[in-house]
K.L.:
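Take a look at this one; I'll ask things after.
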Amino acid sequence: MDFDLNEEQSLLQDSIRRTLTDRYGFEARRGFMASETGWSRELWAQYAELGLLGLPFSEEDGGFGGGAEEMLILAEQMGRFITLEPWFSTLVLGGGFLRHGADAGLRGELVPGIAGGETLLAFAQQERQSRYDLHDVQTTAKRDGSGWVITGRKGMVLHGDTADHFIVTARTGGGQRDRQGVGVFLVPKGEASSIRGFRQVDGSRAAEVAFENARASHCLSEDGMDLVDRVVDEAIAALAAEAVGAMDVVHGMTVDYMKTRTQFGRPIGSFQALQHKAADMLVAIEQSRSMAYFAAMASRGEDAAERRRDMHAVKVQVGRASRLVGQLSIQLHGGIAMTMEYAAGHYFKRLTVNEATFGDTDHHLRALSDAGGLVQAA
């Protein structure tokens with residue numbers, strides 16, 4: 001199988017990297033983090049000019065017709081610069097629900113605004129009791145005439161404080177932990193009764209959002225766990241690629257530091273024990289890169305059970321590698337890596353948040369074991 005980028009994909013990768021290299025230095029990132037929104041709207045508009053915000057959508061819907069490979073390229077480059085903009089919440093999560101769950105009319109209504117940088121989406125799913133279980137939903141959706149009203153609270157809504165629309169999971173029937181009866185709704189920001197934004201440990205933004213008889217503008221599915229699983233599987237593929245980009249940079253940063261930091265009159269990189277640690281990091285990154293490619297292909301699978309097993313395995317491998325690379329980077333840098341003024345710690349924080357998003361390593365290892373492993377016995 002050929003994993004080389006074609007000409008168009010190479011141009012896409014180069015244009016993203018050039019833009020971020022010019023605009024996303026470490027000090028610039030700290031400035032974006034300290035701004036009112038916690039990210040750069042000016043740079044978001046530049047993403048739109050480059051066509052990045054229309055990447056996952058079909059040309060018929062007003063996008064640029066990119067696929068899983070193009071989103072892998074985007075995610076990896078965003079990871080290299082640990083960007084703060086809401087590309088994951090709007091394009092991967094919100095875009096996934098629109099592509100797989102919305103009708104042509106709704107896609108035609110929202111996609112041009114997303115591609116142009118004017119419309120932001122956020123996925124409001126997690127609740128206080130749900131932890132990593134996507135189907136554990138207490139928020140309710142009740143019919144009101146021809147529409148639905150939503151009541152409940154959602155936490156850890158990625159970029160929820162700046163979203164224009166929420167994609168909300170709410171129970172239309174069944175018990176709190178039943179897979180059946182979980183609907184998926186589009187709710188305008190103005191319908192939320194309260195939105196409390198906060199900064200995560202890695203500097204990215206999230207929010208707690210409350211709905212009190214909020215009127216949904218559209219119902220994407222009255223029984224939508226299959227839809228939720230599909231979108232989250234694509235999100236896991238994007239998280240894997242983002243982690244590879246971040247790990248790649250922090251590994252290079254660590255090796256460079258080992259060449260210049262001296263101890264006992266010689267660079268610490270000359271000590272064989274530390275060379276072994278750097279080599280362990282590289283092996284883990286290359287294994288994760290292979291899993292990210294695998295995830296991009298597997299995310300398109302139509303067999304939901306097989307696709308879920310694949311994504312459990314991806315989460316386990318990339319999660320383990322993220323922890324190894326992040327921790328070794330901190331250890332090999334020594335005390336400097338613990339300061340806010342040095343980038344290595346910020347990469348470690350992003351890898352830590354990435355590993356916990358939609359289930360940490362232990363959660364997915366248990367789920368993979370319960371599913372019988374990655375390769376099913378004949």
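What you see is a predicted model; the values in this text were computed from it and never measured. What's counted below: heavy atoms across the whole structure, side chains too, no hydrogens, waters or symmetry copies.
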K.L.:
Write out all pairs satisfying salt bridge (charged side-chain N to carboxylate O under 4.0 Å, His left out) with one or both partners inside residues 237-261, taking only residues at least two apart or from two chains.
P.N.:
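Pairs touching residues 237-261 that pass the test: R80-D248, E242-R350, D248-R289.
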K.L.:
Does T262 use its side chain to pair, donor to acceptor, with the backbone of G265 at less than 3.5 Å?
P.N.:
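No; judged by distance alone, with no hydrogens or angles, the pair does not exist.
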K.L.:
Regarding E234 and R99, does a basic nitrogen lie under 4.0 Å from an acidic carboxylate oxygen?
P.N.:
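Looking at R99 together with E234, the answer is yes, because their closest N to O distance falls below 4.0 Å.
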K.L.:
Do the side chain of S369 and the main chain of R366 share a donor and acceptor less than 3.5 angstrom apart?
P.N.:
no
K.L.:
Mind checking what makes side-chain contact (heavy atoms from CB on, under 4.5 Å) contact with D61, not counting sequence neighbours?
P.N.:
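If we apply the side-chain contact (heavy atoms from CB on, under 4.5 Å) test to D61, skipping adjacent residues, the hits are S58, R107, V111.
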K.L.:
Is any side-chain heavy atom of I236 closer than 4.5 Å to one of R308?
P.N.:
yes
K.L.:
Could you list all the salt bridge (charged side-chain N to carboxylate O under 4.0 Å, His left out) pairs where at least one residue sits in residues 263-276, not counting sequence neighbours?
P.N.:
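Applying salt bridge (charged side-chain N to carboxylate O under 4.0 Å, His left out) to every pair that reaches into residues 263-276, excluding sequence neighbours, yields nothing.
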K.L.:
Taking only residues two or more places apart in sequence or in another chain, which ones pass ring-ring contact (aromatic ring centres under 6.0 Å, His included) with F198?
P.N.:
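Partners of F198 by the ring-ring contact (aromatic ring centres under 6.0 Å, His included) criterion come out as none, since no residue qualifies.
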K.L.:
Among residues two or more places apart or on two chains, list those pairs meeting salt bridge (charged side-chain N to carboxylate O under 4.0 Å, His left out) that have a residue in residues 321-349.
P.N.:
R323-E355
K.L.:
Starting from W87, can I reach M156 by hopping between I/L/V/M/F/W/Y residues whose side chains sit under 4.5 Å apart?
P.N.:
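Shared cluster, no.
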K.L.:
May I ask you to decide if D136's main-chain N or O and R171's side chain share a donor-acceptor pair within less than 3.5 Å?
P.N.:
no
K.L.:
So, S130 side chain and Q126 main chain: donor-acceptor pair closer than 3.5 Å or not?
P.N.:
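No, because the side chain of S130 does not come within donor-acceptor range (under 3.5 Å) of the backbone of Q126.
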K.L.:
Does D202 use its side chain to pair, donor to acceptor, with the backbone of V353 at less than 3.5 Å?
P.N.:
no
K.L.:
Decide yes or no for M338 and I330: does some side-chain heavy atom of the first lie under 4.5 Å from some side-chain heavy atom of the second?
P.N.:
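A side-chain contact under 4.5 Å exists here.
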K.L.:
Do M340 and H346 make a side-chain contact, defined as non-hydrogen atoms from C-beta onward lying under 4.5 Å apart?
P.N.:
yes
K.L.:
Has the side chain of T339 got a donor or acceptor atom that lies under 3.5 Å from a matching backbone atom of G335?
P.N.:
no
K.L.:
Could you tell me which non-hydrogen atom of L53 sits nearest to which non-hydrogen atom of I114, and how far apart they are?
P.N.:
CB-O, 3.4 Å
K.L.:
Do NZ/NE/NH1/NH2 and the carboxylate oxygens of D164 and K189 come within less than 4.0 Å?
P.N.:
no
K.L.:
Apply the test side chain to side chain donor-acceptor pair (under 3.5 Å) to residues S204 and Q200: give CA-CA distance (whole Å), side-chain angles for both, the deciding distance (0.1 Å), then the verdict.
P.N.:
CA-CA 5 Å; S204 62; Q200 297 193 91; 2.9 Å; yes
K.L.:
Could you tell me which residues satisfy ring-ring contact (aromatic ring centres under 6.0 Å, His included) with H165, sequence neighbours excluded, listed by chain and number?
P.N.:
none
K.L.:
Would you be so kind as to tabulate the donor-acceptor pairs closer than 3.5 Å made by side chains of residues 64-74, with sequence neighbours excluded?
P.N.:
residue	atom	partner	partner atom	Å
E69	OE1	R300	NH1	3.3
E69	OE2	R300	NH1	2.9
E69	OE2	R300	NH2	3.2
E70	OE1	G67	N	2.8
E70	OE2	Q9	NE2	3.0

K.L.:
Can you name the closest pair of heavy atoms from G62 and A115 and give their distance?
P.N.:
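Answer, listing the atom of G62 first, then A115: O-CB, 3.9 Å.
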K.L.:
Can you tell me how far apart CD (Q180) and CD (E222) are? Round to the nearest 0.5 Å.
P.N.:
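The CD atom of Q180 sits 14.0 Å away from the CD atom of E222.
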K.L.:
If the threshold is 4.0 Å, N to carboxylate O, is there a salt bridge linking D360 and K315?
P.N.:
no
K.L.:
Please check if the number of heavy atoms outside R128 that lie under 6.0 Å from its CZ is greater than 12.
P.N.:
no
K.L.:
We want to know whether H135 and Q176 form a side-chain donor-acceptor pair, criterion being a heavy-atom distance below 3.5 angstrom.
P.N.:
no
K.L.:
Nearest 0.5 Å please: distance from the CG atom of D226 over to the OG atom of S221.
P.N.:
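One finds 8.0 Å between CG of D226 and OG of S221.
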K.L.:
A side-chain contact here means heavy atoms from C-beta on lying under 4.5 Å apart; do M291 and V316 qualify?
P.N.:
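When only atoms from C-beta onward are counted, V316 and M291 do not touch, as no gap falls below 4.5 Å.
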K.L.:
Taking the side chain as every heavy atom from C-beta outward, state whether L328 and T254 have any pair of such atoms under 4.5 Å apart.
P.N.:
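Of all side-chain heavy-atom pairs linking T254 with L328, none is under 4.5 Å.
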K.L.:
Distance from L110 atom CG to L121 atom CG, nearest 0.5 Å?
P.N.:
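Between L110 CG and L121 CG, I get 6.5 Å after rounding to 0.5 Å.
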K.L.:
The criterion is side-chain contact (heavy atoms from CB on, under 4.5 Å); which residues satisfy it with P86, sequence neighbours excluded?
P.N.:
W39, W44, S89, T90, L120, H159
K.L.:
Checking E191 against R215 for the salt bridge (Lys or Arg N to Asp or Glu O under 4.0 Å) test, could you report, in this order, the C-alpha distance in whole Å, the side-chain angles of both residues, the deciding distance, and whether it holds?
P.N.:
CA-CA 6 Å; E191 290 291 324; R215 184 166 294 278; over 6 Å; no
K.L.:
State which residues pass side-chain contact (heavy atoms from CB on, under 4.5 Å) with S217; sequence neighbours excluded, sorted by chain then number.
P.N.:
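If we apply the side-chain contact (heavy atoms from CB on, under 4.5 Å) test to S217, skipping adjacent residues, the hits are L186, P188.
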K.L.:
Do F123 and V184 come within less than 4.5 Å of each other through their side chains, counting heavy atoms only?
P.N.:
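With C-beta onward as the side chain, the pair stays apart.
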K.L.:
Take atom CZ of R320 as the centre, draw a 6.0 Å sphere, and report whether it contains more than 12 heavy atoms from other residues, nucleotides or ligands.
P.N.:
no
K.L.:
Check whether L274 and L282 end up in the same hydrophobic cluster, where Ile, Leu, Val, Met, Phe, Trp and Tyr are linked by side-chain heavy atoms less than 4.5 Å apart.
P.N.:
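No, it is not one cluster - the side chains of L274 and L282 are not joined through contacts under 4.5 Å.
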K.L.:
Quick one: are the ring centres of F26 and Y342 less than 6.0 Å apart?
P.N.:
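That pair fails the under 6.0 Å test.
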K.L.:
Can you tell me how far apart NE2 (H364) and CG (D370) are? Round to the nearest 0.5 Å.
P.N.:
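Here the rounded value is 12.5 Å.
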K.L.:
Nearest 0.5 angstrom please: I82 CD1 to L351 CG, how far?
P.N.:
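If we round to the nearest 0.5 Å, I82:CD1 and L351:CG are 8.5 Å apart.
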K.L.:
In chain order, what residues pass the ring-ring contact (aromatic ring centres under 6.0 Å, His included) check against F358, with sequence neighbours excluded?
P.N.:
none
K.L.:
Can any side-chain N or O of R131 pair as donor or acceptor with the backbone N or O of G359 at less than 3.5 Å?
P.N.:
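Such a contact is absent between R131 side chain and G359 backbone.
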K.L.:
Do you reckon I336 sits in the same ILVMFWY cluster as Y347, going by side-chain contacts under 4.5 Å, direct or chained?
P.N.:
yes
K.L.:
Identify the two heavy atoms, one from L55 and one from L12, that lie closest to each other, and give their separation to 0.1 Å.
P.N.:
CD2-CD2, 4.1 Å
K.L.:
Measure from the side-chain N and O atoms of Q287 to the backbone N and O of Q317, and report whether any donor-acceptor pair falls under 3.5 Å.
P.N.:
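Such a contact is absent between Q287 side chain and Q317 backbone.
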K.L.:
Check side chain to side chain donor-acceptor pair (under 3.5 Å) between Q331 and all other residues, then give those that pass, not counting sequence neighbours.
P.N.:
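Q331 satisfies side chain to side chain donor-acceptor pair (under 3.5 Å) with no other residue.
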K.L.:
Where is the tightest heavy-atom contact between A243 and V318, given as atom of each residue plus distance?
P.N.:
CB-CG1, 3.7 Å
K.L.:
When Ile, Leu, Val, Met, Phe, Trp and Tyr are grouped by side-chain heavy atoms lying under 4.5 Å apart, directly or through other members, which residues fall in the same group as F211?
P.N.:
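Same cluster as F211: W148, I150, V157, F166, V168, F185, V187, I195, V209.
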K.L.:
Rounded at 0.5 Å granularity, tell me how far OG1 in T37 sits from CG in D161.
P.N.:
8.5 Å
K.L.:
For the residue pair S329 and M253, establish whether any side-chain heavy-atom pair is separated by less than 4.5 Å.
P.N.:
no
K.L.:
For the residue pair A295 and V314, what are the closest heavy atoms and their distance?
P.N.:
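In this case the closest contact between A295 and V314 is CB-CG2, 3.7 Å.
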K.L.:
Could you state whether L84 and F348 fall into the same hydrophobic cluster, counting links through intermediate Ile, Leu, Val, Met, Phe, Trp or Tyr residues with side-chain heavy atoms under 4.5 angstrom apart?
P.N.:
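No, L84 and F348 fall in different hydrophobic clusters.
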K.L.:
Is any NZ, NE, NH1 or NH2 atom of the basic residue among K154 and E208 found under 4.0 Å from an Asp or Glu carboxylate oxygen of the other?
P.N.:
no
K.L.:
Within the structure provided, determine whether Q46 and R41 are in side-chain contact (heavy-atom separation under 4.5 Å).
P.N.:
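Contact flag for Q46/R41 side chains = no.
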K.L.:
Evaluate salt bridge (Lys or Arg N to Asp or Glu O under 4.0 Å) for R30 paired with E27, printing each intermediate quantity in order.
P.N.:
CA-CA 5 Å; R30 294 180 67 188; E27 291 303 320; 3.6 Å; yes
K.L.:
Please report the shortest heavy-atom distance between Y24 and E85, naming the atom on each side.
P.N.:
OH-OE1, 2.9 Å
